[in-house]
There are 2 protein chains.
Amino acid sequence: MRSLHHRVDLLRVCAHHVRIHILEELCSGVKCVSDFEEFLQISQPNISQHLNLLRRHGVIDYYNDGRLRCYFLKDPIVPDLLAVLKKDYIEELPAPACCPVTKKGKYPGNRKH
Amino acid sequence: MRSLHHRVDLLRVCAHHVRIHILEELCSGVKCVSDFEEFLQISQPNISQHLNLLRRHGVIDYYNDGRLRCYFLKDPIVPDLLAVLKKDYIEELPAPACCPVTKKGKYPGNRKH
DNA sequence: TAAAAATATTATTATATTTGAATATATTTG
DNA sequence: CAAATATATTCAAATATAATAATATTTTTA
């Protein structure tokens, strides 16, 4: 299992709208930097910075093809992570049954109060 | 489905070692602030700040029980998200077959170069 | 080989996040 | 009701992250 540090690190790296967008596009295959320019409304250097960050953290990798740099997903968690984020949930988790949110309840632990 | 904004927001809120730890503990049930003090090596005000952040973003909620404040999970995505993060993967995703990482390959899109 | 194309790097500035310290509030108990 | 307990709030300082602007590097092509 990933260490806590590694798990947090992965979340931090993914927690940005540009990088999530990049990862979602990469789920459908290899893309080069200028492909990203087509749908990200940010500067090319900024795209490079985000790609570099993702790569440094082991989330993506690339190969060079002439003057194109082609990026692809490397960490297999990415599709699963994105799938969870897109999953629909009907309801909130129920408040603990013994102690409804609206009234005072008894704390379920072993303290006196 | 959650909006991109909402998905990023959730990741940002979870992407901190203290908050991940809090959420993992909450997966096993209700906890009050002083319970968190037992395993988080940070000050009580700092714990409150993290709890407040999680609550403001709809991830957790609480009920009061006397002078105890009992927190619980609210957003049903949390257990699924944490489960994915803990999942073990044997291998990295393969580099695109047509263009191995170590040699130059052909870009699979429809550009000239 | 010079120009064009694709991408990266660096430094700077702007902004957001995190922590720490001090203090405040609410509830219970003696 | 005063003290103790449990927790929250606020503000400031420290730190991290992000965007911008300017420029550099690499590869291809004319």
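All values derive from a computational prediction rather than experimental measurement. Naming convention: chains lettered A, B, ... in sequence-line order (proteins, then strands); numbering from 1 in each chain.
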Please check the phosphate of C:dT19 (OP1 and OP2 only) for any side-chain N or O of B:H50 closer than 4.0 Å.
yes
B:F39-A:V8 co-clustered via ILVMFWY side chain contacts under 4.5 Å
yes
In whole angstroms, the gap separating P of D:dA18 from CD of A:Q41 amounts to 19 Å
Distance col, row A:E92:CD vs B:L73:CG, nearest 0.5 angstrom, shows 11.5 Å
When rounded to whole Å, the CG to C1' distance for the pair B:L11 and D:dT17 reads 16 Å
Here the distance between atom P of D:dA6 and atom CG of B:D65, to the nearest Å, is 12 Å
Quick note, B:R67 side chain, CB onward, closest among C:dT27, D:dT9, D:dT7 is C:dT27
Counting N and O atoms only, with roles assigned by atom type, does the side chain of B:R7 sit under 3.5 Å from a partner on the main chain of B:R2, one being a donor and the other an acceptor? yes
ask   = For A:Y71, which contact category applies under a 4.0 Å heavy-atom criterion: base, sugar-phosphate, or nothing?
value = sugar-phosphate
Applying side chain to side chain contact (heavy atoms under 4.5 Å, CB included) to B:L53 and not counting sequence neighbours gives B:R19, B:R56, B:H57
Just the table, please: protein N/O against nucleotides 10-16 of chain C N/O, every pair under 3.5 Å.
| from | atom 1 | to | atom 2 | distance (Å) |
| --- | --- | --- | --- | --- |
| C:dT10 | O4 | A:Q49 | NE2 | 3.0 |

Note, DNA chain C 5' to 3' with Watson-Crick or G-U pairs under 3.5 Å encoded as ( ), [ ], | and . gives ||||||||||||||||||||||||||||||
To the nearest angstrom, the CG-C1' distance between B:N64 and D:dT5 comes to 14 Å
Rounded to whole Å, CG of A:N46 lies from P of C:dT7 at a distance of 15 Å
| said: Mind checking if B:R19 touches a base, just sugar-phosphate, or nothing, with heavy atoms under 4.0 Å? | reply: sugar-phosphate
Quick one: the side chain of B:Q44 and the base of D:dA6, do they pair up donor-acceptor inside 3.5 Å? no
Looking only at D:dT27, D:dA18, D:dA6, the nucleotide nearest the A:H16 side chain is D:dA18
Review point. Do B:N52 and B:Q49 have side-chain N/O donor and acceptor atoms under 3.5 Å apart?
Key: no
Next on the checklist: Is A:R69 close enough to D:dT27 that one of its side-chain N or O atoms is under 4.0 Å from OP1 or OP2 there?
Outcome noted: no
Checklist entry - Is the phosphate of D:dA19, meaning OP1 or OP2, less than 4.0 Å from a side-chain N or O of A:S43? => result no
B:E38 CD to D:dT7 C1', in whole Å, measures 15 Å
Looking only at heavy atoms, the pair that brings B:I20 and B:C14 closest together is CG1-O, 3.0 Å
Checking the side chain of A:D35 only, and the main-chain atoms of A:C32 only, is there a donor and an acceptor separated by less than 3.5 Å?
yes
CE of B:M1 to CG of A:L85, rounded to nearest 0.5 Å, is 10.0 Å
To the nearest 0.5 Å, atom CG of A:L4 lies from atom CD of B:E24 at 6.5 Å
Output for pair (A:I42 CD1, A:H21 NE2), nearest 0.5 Å, gives 10.5 Å
Separation of C:dA8 atom C1' from A:L51 atom CG, nearest Å, is 11 Å
Rounded to whole Å, CG of B:L40 lies from C1' of D:dT7 at a distance of 15 Å
